[in-house]
Structure formats: structure tokens, C-alpha cells
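One structure is given here, and the rest of the page talks about it.
The residues of the chain are indexed from 1 along the displayed sequence. First listed ligand is number 1; within each ligand, the first listed atom is number 1. Remember, predicted model here, so these are calculated numbers, not experimental data.
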Amino acid sequence: MPLEAPARIVSELVSRGYNAEREAVTQLASSDDPDRALERVLEDLAEETLVVRTEHVESALSRDSPPRSSASETASATEDPSVSTGTAGGTGRGSTTRSPVETGGSAGGPTPAAGSGNRSADPALRSLEIANDMTGASTGTGEYEDFVSVFRDRLERLGATLRGRVNHRPATAIQSMPGGSEAGMVGLVNDIRSTASGHWLIELEDATGTFPWLVMKDREYADLVEQLLCDEVLAMEGTLADDSGIAFVDSMHFPDIPRTHEPSTADRHVQAALISDIHVGSQEFMAEAWNAFADWLHTEAAEHVEYLLIAGDMVEGVGVYPNQDEELDIVDIYDQYEAFNARLKRVPGDIEIVMIPGNHDAVRLAEPQPGFDEQLRDIMSAHDSRIVSNPSLVTLEGVSVLMYHGVSLDEVIAELPEEKANYDEPHKAMYQLLKKRHVAPQFGGHTRLAPEEKDYLTIDDVPDIFHTGHVHKLGFGKYHDVLAINSGCWQAQTDFQQSVNIDPDAGFAPIVDLDTLEVTVQKFS
Ligand code: D5M
Ligand code: FE
Ligand code: ZN
């Protein structure tokens with residue numbers, strides 16, 4: 001089927017305020033007279049209907065005329081039990097149900113050019129679980145005690161993996177050990193200083209106090225010091241000086257991802273599109289690229305894309321950066337979300353969407369950011385999206401995806417050496433966060449943190465996929481078998497970005513095979 005037919009149907013439905021299932025669009029597009037069928041469906045829809053589904057199309061088509069072979073064939077394919085068993089080699093394509101039974105093994109054979117058949121997977125095969133969503137659970141008051149408890153919690157949890165690896169003692173106990181002893185400590189990095197002679201002094205803090213650790217400049221660990229951020233959790237081992245006032249570092253340990261980590265995969269061929277930074281409301285929002293993406297999702301090429309993850313910055317927001325208003329296309333924040341909702345309608349109604357907020361969104365800026373409030377949820381109701389906090393851990397058919405908008409990436413890139421983290425390879429900056437097992441370690445810098453009773457920003461469980469955005473660059477790679485993906489954006493270069501030489505990767509959608517964790521990139525600009 002030419003792309004135009006489904007795309008035209010989708011835009012017609014969207015212009016009337018409806019979202020549609022892919023299968024419904026396919027049925028309409030492959031009916032004998034798509035325009036008439038569409039008209040029939042629209043006539044029949046109940047007022048409160050938000051999503052046009054196959055039932056609507058089937059009933060409109062059957063009312064319209066006695067079933068003709070092509071229409072009934074497509075319609076009945078959805079009821080064909082052989083499609084929903086999920087045992088046919090995972091392809092589950094409509095073309096398989098239509099081809100002669102004898103073709104057996106060649107399930108992936110050519111598809112008929114016209115009519116994309118039954119592309120809908122059985123929703124019963126899907127599973128989507130959310131963990132670590134702190135929406136509605138914020139307890140922080142911003143008082144001093146909250147800072148104490150959030151750091152204590154961080155040290156407790158990230159230190160747990162390190163305590164088994166080093167022979168550790170509390171800071172105060174180390175101070176009273178005899179000079180020359182071997183000592184170990186697990187703590188938060190409190191301070192990093194270089195000494196007059198070019199060595200490094202790292203102060204670690206635990207619940208009992210602080211202790212200084214000296215890294216000699218010619219040691220292999222000097223290189224690691226450049227990668228440290230304040231407030232991350234570390235373990236050190238070394239030898240105490242004669243007066244026990246300092247220790248010389250022999251080894252340094254990060255919470256890190258164990259090299260033995262084996263990612264989980266889905267049991268069937270199913271894909272997720274990972275995107276972020278749509279920035280609806282900005283003059284630079286790339287409407288055409290977005291529409292091309294949404295239309296592509298309705299095609300057979302995207303039949304396995306059943307999940308869409310959006311890692312923040314849905315809209316451009318207002319007052320986020322100085323002089324931002326000069327580049328706004330929509331000045332009212334609620335109007336921006338209305339416009340975003342209209343863009344969302346174009347996405348097939350049978351795709352499961354999960355979204356977290358970013359720094360341009362209308363939620364508190366400090367992290368963790370709770371999911372959108374009721375008023376914004378109402379506005380964004382075109383899809384039955386799962387709206388959760390930044391960060392959140394989303395598990396799709398056994399594959400866990402840590403979603404985080406990515407504001408701390410700016411900081412990691414600014415503070416670490418170029419080869420460890422840079423804008424052209426955003427996934428490398430993500431590796432650092434994985435190694436530190438924390439999405440935003442440094443407090444008091446670029447990234448604003450809201451202290452809570454619990455530290456929601458630690459990476460407790462090793463995710464299979466780590467998804468961020470924010471820096472508007474596309475990059476992906478594996479760190480100890482964790483797939484790190486920074487999605488690009490849907491906003492062309494802004495004046496600010498031009499002034500600082502940020503060349504955004506706009507209009508790309510990375511697609512992950514959840515059964516193999518392989519990535520393909522679709523380009524829409
Ligand atoms: O930010 C997109 C990227 O651009 C991210 O790396 C921050 C950077 N950026 C964009 N505008 C500014 C201003 N005005 N100051 C500092 N950094 C900026 P996003 O927040 O997604 O627009
Ligand atoms: Fe952004
Ligand atoms: Zn951002």
C-alpha cells in the first residue's frame with residue numbers, strides 16, 4: 001500500500017481530534033473505497049470516543065455493504081486465532097495468515113504490495129511495568145535533615161556493593177589505627193583537590209566523619225581521579241601515613257556495572273522507539289519530521305514497534321533559558337501541551353507510550369522530577385500514555401529500561417576529560433553515570449537536586465537499557481553489556497546552540513529490538 005493512503009487517513013482523523021490504532025488505519029486504507037469507509041466510521045463514532053479502533057472500522061464496513069472479499073479478509077484476520085498464539089516464529093504478520101498453508105517455514109516471505117494485512121500484535125503478549133516512579137511520593141521539605149537523609153541513603157545503597165569488595169572501616173576508626181596499617185573505606189567524595197606537588201587529595205565522607213586519601217600523581221589511579229565527581233560513592237584502600245592523618249591510595253573501586261552482567265531480552269520480536277526532546281512550541285520544532293515519523297509508525301515497516309518511550313522535553317516550555325521567548329512559536333505553556341497532544345494523536349493508538357518530564361517541562365526542575373500533574377495529564381490524554389517521574393525504571397517484556405532526561409550529562413561532559421565524555425559521543429558520558437551507579441551524582445552544580453527521604457537517582461538494579469536525551473545528540477553503545485542510548489531531538493538548531501556550536505541530531509528515531517537489543521536508526525528529516 002502506498003504510504004500516502006494511511007498517512008492521509010491519519011491526518012484526517014487527527015484533524016478531527018481522533019487518535020487511531022494502526023490496524024484500524026490499515027483496514028481503512030485497504031478497503032475498496034477508503035474515503036467512503038472513513039466517512040462511515042466518522043459518522044458512527046460515539047461522542048466520547050478518543051481512539052478509532054478496528055471494531056469501529058469493522059462495524060462501519062459491514063454496515064456499508066455486504067462483505068466483499070478484500071474487506072472481509074482483512075477484518076477477519078484480526079479474529080484468526082493463529083495470529084494471536086505468538087508461536088509462529090514471532091513474525092505474526094498478516095501475510096502469513098493469508099499465504100497458502102504449505103509455505104511452512106518461510107514465514108518472513110514477501111508481503112503483498114497492496115494492503116498491509118494484520119499488523120497488530122496480540123496486546124496480551126505485552127507487558128509494561130514501572131518501578132521507582134516517585135510521582136506523588138515526594139517527602140522533601142528542602143530542610144537540612146533531608147540532605148542528610150538523602151546522602152545517607154545514597155551511601156547505604158551504593159556502598160552495599162563496595163563493602164563486600166574492600167576491608168572497610170568507618171572514618172573515625174581509621175583515624176585511630178596505627179600508622180603504616182592497611183586501611184579501607186567506603187564513602188562519598190566530599191572534596192577533590194590537587195596538592196602543590198601535583199598529587200591529588202580526595203576527602204571521603206561516611207556517617208562518622210571524613211578522611212583524606214592521597215593519590216600520587218604517577219600512580220595509575222591518577223587517571224581515574226580526573227573522572228571523579230563530587231558526591232559520588234567510592235571505596236579506597238591504602239596505607240596509613242605514620243601519623244594516621246592521611247592514607248596513600250593503593251586501589252580505588254567504583255560501584256560500577258559487574259562485567260558478568262547479562263541483559264534480559266524479550267521472548268518475541270518486538271521493538272521500542274526511544275525518543276526525547278520534542279520541544280513542541282519552539283519555532284524550531286520540526287513538525288514535518290515528526291509527522292513523517294508518526295506516519296511511518298502506521299506502516300508495515302514499523303509493525304513491530306509496540307512501545308514508544310519519550311525521555312523528556314515534550315514541549316519547549318517558557319522561561320527555561322534567558323531570551324527563550326524570542327524563539328517561541330506558542331507562548332502559553334498549556335497551549336504548548338495541547339499542541340503536543342495533537343502531535344501525539346498522530347502516533348498509532350495501539351502503541352504503548354511511556355513518558356518522563358525534562359527540564360523544559362512544566363514540573364519542578366529539581367530532580368527527581370515527578371510525572372505531570374492532573375491538569376497536564378488531562379491535556380495529554382489523546383493516548384493512554386504512562387506518565388511517570390524522571391528518572392523511572394520501565395520494564396518492557398522483561399527488558400528493563402532506565403529512563404532519565406539527562407541534565408547531568410552537561411555536567412559530566414563539562415567536568416570530565418574530552419575522551420571520556422563529549423557531545424559527539426553522548427553515550428560515553430552515560431557510561432560514566434552507569435559506572436557511578438547514579439544518574440546525577442554531583443550536588444550543587446548544573447543539575448538541581450531535590451533532597452528526598454530516599455535517593456531516587458541511584459541505579460540500584462542494573463538496567464538492560466539506559467535511555468537519556470537532553471543534549472540533543474544521537475549516540476549509542478554498550479557498557480558492560482548495558483545498552484546506552486541518547487536519543488536526538490525534534491528541534492532544529494536554536495540560536496543559543498548555534499552560538500555554542502551545538503549541532504543537534506534532529507529528526508532521528510532509534511529503534512531497539514527487544515529480543516536482541518540491536519539498534520537501528522530511522523531518519524525523518
Ligand atoms: O538543552 C539542549 C542542550 O543545549 C543541552 O546540552 C543544554 C544546552 N543548552 C541549550 N540552551 C542552553 C542555554 N541557554 N544555556 C545553557 N545550555 C543550553 P535543552 O535543555 O534540552 O534545550
Ligand atoms: Fe531538550
Ligand atoms: Zn533538556
Near the Zn ion (ligand 3), is there an N/O/S atom from [X] that is less than 2.8 Å away?
X	result
His360	no
Asp277	no
Asn359	yes

Requested in this report: Name whichever N, O or S atom of His470 ends up nearest to the Zn ion (ligand 3).
Outcome: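 His470's closest N, O or S atom to the Zn ion (ligand 3) is named ND1.
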Query - Asp313: its N/O/S atom lying closest to the Zn ion (ligand 3) (atom name) - result: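 Of the nitrogen, oxygen and sulfur atoms in Asp313, the Zn ion (ligand 3) lies nearest to OD2.
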Indicate yes or no: does [X] engage [Y] in a salt bridge with an N to O separation below 4.0 Å.
X	Y	answer
Glu411	Lys436	no
Arg16	Glu12	yes
Asp153	Lys454	no

Query raised in the report: Only one of Arg437, Arg157, Arg154 clears salt bridge (Lys or Arg N to Asp or Glu O under 4.0 Å) with Asp455; which?
Result: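 Going through the options one by one, the only one that passes is Arg154.
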Report task. Give the contacting part of Val500 toward ligand 1: side chain, backbone, both or neither, where contact means a heavy-atom distance below 4.0 Å. Result ->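 Neither part.
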Query raised in the report: Side chain, backbone, both or neither: which part of Asp277 has a heavy atom under 4.0 Å from ligand 1?
Result: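 Side chain only.
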Requested in this report: Let me know which of Leu234, Thr458, Ile459 forms a side chain to side chain contact (heavy atoms under 4.5 Å, CB included) with Leu158.
Outcome: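 Of the listed options, the one satisfying the test is Thr458.
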Give a yes or no answer on whether the side chain of [X] reaches the backbone of [Y] with a donor-acceptor pair at less than 3.5 Å.
X	Y	value
Asn486	Lys473	yes
Glu205	Thr210	no
Asp313	Ser276	no
Gln369	Gly358	yes

Query raised in the report: Can you tell me the angle formed at the Fe ion (ligand 2) by OD1 of Asp277 and OD2 of Asp313, to 10°?
Result: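 Centred on the Fe ion (ligand 2), the OD1/OD2 angle is 90° (to 10°).
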Query raised in the report: How open is the angle at the Fe ion (ligand 2) from atom NE2 of His279 over to atom NE2 of His472, rounded to 10 degrees?
Result: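 Vertex at the Fe ion (ligand 2): approximately 90°.
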Query raised in the report: Nearest protein heavy-atom contact for atom 4 (O) of ligand 1: which residue, which atom, what distance?
Result: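 The answer is Ile502 CD1, 3.6 Å.
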**Report entry** Distance from atom 11 (N) of ligand 1 to nearest protein heavy atom, with residue and atom
**Finding:**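 Going by distance alone, atom 11 (N) of ligand 1 is nearest to Phe496 CD2, 3.0 Å.
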Report task. Using distance alone, decide if ligand 1 has a nitrogen or oxygen within less than 3.5 Å of any nitrogen or oxygen in His405. Result ->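 Looking only at distances, the answer is no, because the N/O contact criterion of under 3.5 Å is not met.
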Query raised in the report: At a 4.0 Å threshold, what atoms of ligand 1 neighbour a non-hydrogen atom of His360?
Result: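 Near His360, meaning under 4.0 Å from one of its heavy atoms, ligand 1 has 19 (P), 20 (O), 21 (O), 22 (O).
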Requested in this report: Considering the heavy atoms of Tyr423, write down every atom of ligand 1 situated less than 4.0 Å from one of them.
Outcome: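 In order of numbering, the contacting atoms are 6 (O).
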Query raised in the report: How many angstroms lie between atom CZ of Phe147 and atom CZ of Phe443, to the nearest 0.5 angstrom?
Result: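 Interatomic distance, Phe147 CZ to Phe443 CZ, rounded to 0.5 Å: 4.0 Å.
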Query raised in the report: With respect to atom 1 (O) of ligand 1, which of Gln497, His470, His279 exhibits the smallest heavy-atom separation?
Result: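 Ranked by closest heavy atom to atom 1 (O) of ligand 1, first place is His470.
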Query raised in the report: With respect to atom 7 (C) of ligand 1, which of Val407, Asn359, Val471, Asp410 exhibits the smallest heavy-atom separation?
Result: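 Closest candidate by heavy-atom distance is Asp410.
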